[in-house]
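Data block below; observations after.
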Amino acid sequence: MAQLSLFLVVLLALVIPIFMARFQISNVPTAVAEIIVGIVMGSSGFNLITSTHDLTFLSNLGVILLMFLSGMEIDFDLLQRKNNPKGKSQAGKTVDPLKTAITAFIGIVVMAFVLAYILRLTGLFSEVMLAAIILMTVALGVVIATLKEKDILGRPIGQTILLTAVLGEVIPLLLLTIYASVNGGNAEQLWLIILLFAAAIFLLRRFKQPYLWFAKITKATTQLDIRLAFFLIFALVTVAERVGAENILGAFLAGMVMKLLEPSEATKDKLTSIGYGFFIPIFFIMTGVGLNLRSLFAHPSSLMLLPVLVIFLFIAKAPVVLTYMRYFQKKNAFAGGFLTATTITIVLPTLQVARKLHAITSTQSDAFILAAVIVCILSPIVFNSNFVLLPEDKIKEKVAIVGANAVTVPVAHDLHAKWYSVKMFTDKKNQYKTYDSRVENLTFLPNLDEETLEKDGVFDGDIVVAANRADEDNIKIARMAKEKGVDRVIARLSEVDSKTLTEFNEKGIEVFNSTNVHAALMRAMIESPTVYRIMTDTKNILYSVKVKNTHYTGRQLMDLEFIDQITVSRIKRGDKWLIPRGATVIEPGDILVFSGEFKVADRVRDLLSKE
């Protein structure tokens, strides 16, 4: 029976996503589907799967890997103000995603404790702290997947929802650690948890350089990057258990350390494959198997708790809607609030800890899990049916061009509106008068000091182009833009000295020199007329795109369904340029340089860049 249970769980882990893809069930998270199937196949349904020693072991590994990958999902760049610039929201107001998310989450915390006290006063559930922790959690993985599907992860509303979800995963986990220490009789050892964080910092510092070396020498038969990841997991889980903390906190910190080591896309892809490909589905299926709905329905008090919890999980996120409505379109603010109500990732480990501490009965735990499942089904459906993509949500990158002249104005007009949102700035009154009627977003700058540039939003873009007539202005603007954390900075320089060029190379500032460009085009026209025609063709376009869509990684070029409609000229992998061949296998993070007819090239770029 034990072997049959293991076989059935592994079979279901394979069949469930295939079934969902076949019948186009996209609104329900896969994790929720796995829990539901586990309920059907477990003691609440056909009783074909029972909990065995092997399945318990694999399930425990699954929850540890789930927390590890959750830690890896946190984007620390968003938490830095220089990488979290203010921008215009859908309501036309200036929004700071980090500040807005913190305000929204403070409201969640207050509401969660209020609702937890109501549960206690009504006699439905007595543990206020535990109920508050569960009510304030947000399923970060579900939120990220939904935002990626809408392709708004990089937009102000997407970043705000994402940061709210990050807080909804980190803060409850820390509170759970404190709760477990106090209720587990280890309150006097609570300070020892600091040692866990110290161990995480130590491992981060000690393995930063070795990890870079591991990444270079790793082979298919060694996979040193993956071995290091598992060493970090078990090292911090061991430390966590030794100091009286929960192992899930150790796993979560290990994921954060791994993220800060800046692993390659290939490494992240392999870790995700190991976790979500095998161990994590077993955890979700076994969670469903462990649910005893017959016992839940036999206890009226626990059964009464179920609808109350579903309602409270939504009400707890009401402050999010109210906060978002100040900055975003009301319908989208409502949708965003519903999305943050998704709560499954932290809830399951939390209940696991609570059962171990005997702070919750099995029927109450089942009610919480079932409520979380219901909310996880409803929330993405409500979000997808209410969220409306506005034109600014569809823009991929924001470009700020300083300098309106005969070179920059045609470039601003030619940049594809689907991929770029362009704003132009000038400090010359005559240029402003000349081009104001020809350029849609042209702003006059009284001067080029840092305060004026920041106030008018020059540094809010993804790309800043310093293209004034004077080289000294462009050098100054380029330096300031890089200091403000702008991703790409391009400086137009008529004369380039070696000192400035060396400095810009070190800072990652790109230099546009018209003399060099004209010479390169002339050489291309002589040596490679075909390349020249591609670059100047008005019917076709030349694109470079970073491959992020895992659907197209691990596949040969010849197997891509659109390969006959484009011409791939080069592939950049790391610091190396590859000559593309039909058998070349695409890896995550590869940069493809290709050309094709406008509509086809747009579609291909969209497919490959989608995360």
From Thr340 OG1 over to Lys317 NZ, what is the distance, rounded to the nearest 0.5 angstrom?
6.0 Å

Verify the ring-centre separation between Phe562 and Tyr552: is it less than 6.0 angstrom?
yes

Side-chain H-bond candidate by donor/acceptor type, Thr363 with Ser295, under 3.5 Å
no

Taking Asp366 for its side chain and Asn292 for its backbone only, find out whether a donor-acceptor pair lies under 3.5 Å.
yes

Side-chain contact test, heavy atoms from C-beta onward, threshold under 4.5 Å: evaluate it for Val604 versus Leu560 and give yes or no.
no

Check: Val545 and Leu592 side chains under 4.5 Å, non-hydrogen atoms:
yes

Distance-only donor-acceptor check, side chains Thr30 and Tyr276, under 3.5 Å
no

Minimum heavy-atom separation for Ile16 and Ala33, please, with both atom names.
CG2-CB, 4.0 Å

Taking all non-hydrogen atoms of both residues, which atom of Phe105 and which atom of Gly168 are closest, and how far apart?
CE1-CA, 3.5 Å

Does any part of the side chain of Glu34, heavy atoms only, come nearer than 4.5 Å to the side chain of Phe283, both counted from C-beta?
no

Show your reasoning for whether side-chain contact (heavy atoms from CB on, under 4.5 Å) applies to Leu309 and Phe125.
CA-CA 10 Å; Leu309 285 176; Phe125 191 70; over 6 Å; no

For Ala180 and Val353, which heavy atoms make the closest approach, and how far apart are they?
CB-CG1, 4.0 Å

Kindly compute the distance separating CG (Leu115) from CZ (Phe312), expressed to the nearest 0.5 Å.
5.0 Å

Check: Thr361 main-chain N/O paired with Ser365 side-chain donor or acceptor under 3.5 Å
no

Under the side-chain contact (heavy atoms from CB on, under 4.5 Å) rule, what do Leu58 and Leu6 come out as? Steps first, then yes or no, please.
CA-CA 10 Å; Leu58 293 173; Leu6 178 60; 3.8 Å; yes

Would you say Thr342 and Phe383 make side-chain contact, with heavy atoms under 4.5 Å?
no

To the nearest 0.5 Å, tell me how far Phe284 CZ sits from Leu12 CG.
15.0 Å

Have a look at Ile248 and tell me which of Leu348, Ile64, Leu173, Leu253 forms a side-chain contact (heavy atoms from CB on, under 4.5 Å) with it.
Leu173

Rounded to the nearest 0.5 Å, what separates atom CG in Asn549 from atom CD1 in Ile586?
12.0 Å

Within the structure provided, determine whether Val63 and Asn247 are in side-chain contact (heavy-atom separation under 4.5 Å).
no

In Å and rounded to the nearest 0.5 Å, what is the CD1 to CG distance from Ile134 to Leu175?
12.5 Å

With sequence neighbours excluded, residues passing salt bridge (charged side-chain N to carboxylate O under 4.0 Å, His left out) with Arg355
none

Pairwise side-chain contact, Glu169 with Val138, heavy-atom cut-off 4.5 Å (strictly under)
no

Shortest non-hydrogen separation from Val9 to Ile285 and the atoms involved:
O-CD1, 3.7 Å

Straight-line distance of Met258 CE to Leu232 CG, nearest 0.5 Å
6.5 Å

Backbone N or O of Val547 within a donor-acceptor pair of the Asp590 side chain at under 3.5 Å?
no

For Leu119 and Ala131, work out which heavy atoms get closest and say how close.
CD1-CB, 4.1 Å

Main-chain N/O of Cys376 paired to Ser379 side chain as donor or acceptor, under 3.5 Å:
no

Are any non-hydrogen side-chain atoms of Thr553 and Glu587 less than 4.5 angstrom apart?
no

Suppose we call two aromatic rings close when their centres sit under 6.0 Å apart. Are Phe334 and Phe338 close by that rule?
yes

Just to verify, what does Phe57 make a side-chain contact (heavy atoms from CB on, under 4.5 Å) with, not counting sequence neighbours?
Leu61

Does any N or O in the side chain of Lys259 come within less than 3.5 Å of the main-chain N or O of Leu69, such that one atom is a donor and the other an acceptor?
no

So, using ring pair (Phe, Tyr, Trp, His ring centres under 6.0 Å) as the criterion, who are the partners of Phe234 when residues are at least two apart?
none

For a side-chain contact (heavy atoms from CB on, under 4.5 Å) check, start with the C-alpha distance between Ile108 and Leu167, then their side-chain angles and the critical distance, and finish with the verdict.
CA-CA 10 Å; Ile108 291 173; Leu167 293 171; over 6 Å; no

Is there side-chain contact between Leu135 and Leu313, with heavy atoms separated by less than 4.5 Å?
yes

Pair Met558-Ile563, side-chain contact (heavy atoms from CB on, under 4.5 Å): steps then yes or no
CA-CA 7 Å; Met558 68 176 73; Ile563 194 64; 5.7 Å; no

Nearest atoms (heavy-atom pairs only) where Pro172 meets Thr137:
CB-CG2, 3.5 Å

